[in-house]
Amino acid sequence: MGMSEFYGPTDEAESIATLHRALDLGITFLDTADMYGTGHNEILIGRAIADRRDEVTLATKFGNVRTPEGGFAGVSGKPEYVRSACDASLKRLGVEVIDLYYQHRVDAETPIEETVGAMAELVTAGKVRFLGLSEASPKNIRRAAAIHPIAALQTEYSLWSRDPEDEILPTCRELGIGFVPYSPLGRGFLTGQIKAEADLALDDFRRHSPRFQGENFNKNLLLVGKIEAIAREKGVTAGQLALAWVMAQGDDIVPIPGTKRRTYLEENAAASTMSLTADELRQISAALPQGGTAGERYAPQFLRRIEEQD
């Protein structure tokens, strides 16, 4: 996402080089969405994998509707929109089939059975291999899975966003659905690289996130300090420790840390070779307990959009 929008300035050449380096390192699961850069990100990934398609498990998402000017026009899970969005994504990506196709957000106005029914038709047509959901509630996960097998659920999960542990993860495990945590580094905050608002570009959307503002920011810095201290003892970076913690939560968990640069990509990749003892996992979990993060993860208007899906 950050290669096209939301996280400050972008560099297309470095983005392509980063994607190629990921493949060289054996990182083959690439996740995008039609809303990232209003289609730009899909085009970018399509260019990067044009001669390496068989190396990639390619995931994209639909549902967050953008205007041609880049504005937000709501959420749609209408069957006709599902079909047209898929065709548009295939064209931008330059591929014949999408490996994993997610509903990015649940449309409160369209029964999820209708949406997933249309997605299932894409599987039958050979345009999509597997289906996924993103930020869906346990209720909607069950309703969707009753229509067609759901391969993966994508939801924010990290040391500072642990809500899925209550109901989401147990539901996925009961139904045999893989779990794909987005923002496993707390939108970069858990790396310890963000110490002040001035560290964020003026057009960085995190400036509008409650967790990055005012007293919440200061309280969360103290939490990250605890992670940094544990990381120093282990001889790794705070980001590597936070990412290794997520991966240690289960073999059914496949986090997708986003980055725009090869340097951070390689740092993230190294976390996959780390092992954490049971005592270390308990220490890390205690440092950032569930509910300990200050502030909601989205601004009120975006949080309402997620909460209204039921």
Aromatic ring pairing W160/F212, orientation class (parallel under 30°, perpendicular over 60°, tilted between): perpendicular
Distance-only side-chain donor-acceptor flag, S76 / D107, under 3.5 Å: no
Joint hydrophobic cluster, L25 plus M274, side-chain heavy atoms closer than 4.5 Å: no
V180 side chain reached by F29 side chain, heavy atoms, under 4.5 Å: yes
R207 side chain vs A201 backbone, donor-acceptor pair below 3.5 Å: yes
No-hydrogen, no-angle side-chain donor-acceptor test under 3.5 Å, S89 and E42: yes
4.5 Å side-chain heavy-atom contact, F62 and M35: no
Pair D24 + R52, salt bridge at N-O below 4.0 Å: yes
E80 atom CD: more than 12 heavy-atom contacts under 6.0 Å: yes
Reported CG-to-CD1 distance for the pair N140 and I150, which is rounded to 0.5 angstrom: 10.5 Å
Residue E167 excluded, over 12 heavy atoms near CD under 6.0 Å: no
Step-by-step salt bridge (charged side-chain N to carboxylate O under 4.0 Å, His left out) determination, E14 to R261: CA-CA 6 Å; E14 178 61 20; R261 302 177 182 87; over 6 Å; no
Salt-bridge present (D87, K127; N to O < 4.0 Å): yes
Within one Ile-Leu-Val-Met-Phe-Trp-Tyr cluster: L23 and M3, side-chain cutoff 4.5 Å: yes
Candidate pair D163 and Q290, rule side chain to side chain contact (heavy atoms under 4.5 Å, CB included), full reasoning: CA-CA 7 Å; D163 293 347; Q290 184 177 351; 4.2 Å; yes
Hphob cluster co-occupancy, L243 + L223, side-chain heavy atoms under 4.5 angstrom: no
NE2-OG1 distance between H104 and T60, expressed to the nearest 0.5 angstrom: 9.0 Å
Shared hydrophobic cluster, M119 / L175 (ILVMFWY, side-chain heavy atoms < 4.5 Å): yes
Closest non-hydrogen atom pair between A136 and I141, with its separation: O-CD1, 3.7 Å
Any donor-acceptor N or O pair under 3.5 Å, side chains W245, S285: yes
Side-chain (E280) to main-chain (T277) donor-acceptor, under 3.5 angstrom: yes
Beyond-backbone contact of L169 with I253, side-chain heavy atoms, under 4.5 angstrom: yes
Salt-bridge present (R53, D99; N to O < 4.0 Å): yes
Side chains of H40 and E12, donor plus acceptor under 3.5 Å: yes
Side-chain heavy-atom pair N64, V75 within 4.5 angstrom cut-off: yes
pair M247-S272: side-chain heavy atoms closer than 4.5 Å: yes
More than 12 heavy atoms from other groups under 6.0 Å of NZ on K234: yes
Aromatic ring proximity Y157/Y182, centre distance under 6.0 Å: no
Gap between atom CG of L93 and atom CD1 of I49 - 0.5 Å precision: 6.5 Å
Basic-acidic side-chain contact under 4.0 Å: E156, R297: yes
Common cluster, L185/I256, ILVMFWY with side-chain heavy-atom separation under 4.5 Å: no
Inter-residue atom distance Y101.OH - L133.CG, 0.5 Å rounding: 13.0 Å
Under-4.0 Å salt bridge between E174 and R142: yes
Partners passing salt bridge (Lys or Arg N to Asp or Glu O under 4.0 Å) against D31 (at least two apart in sequence or in another chain): K61
T57 side, atom OG1; I27 side, atom CD1 - distance, nearest 0.5 Å: 13.0 Å
Residues K195, E228: salt bridge by 4.0 Å N-O rule: yes
Over 12 foreign heavy atoms within 6.0 Å of CD, E109: no
Whether over 12 other heavy atoms sit under 6.0 Å from F217 CZ: yes
Side-chain heavy-atom pair T18, K260 within 4.5 angstrom cut-off: no
Distance (rounded to the nearest 0.5 Å) between Y81 OH and C86 SG: 11.5 Å
E296 bridged to R211 by N-O distance under 4.0 Å: no
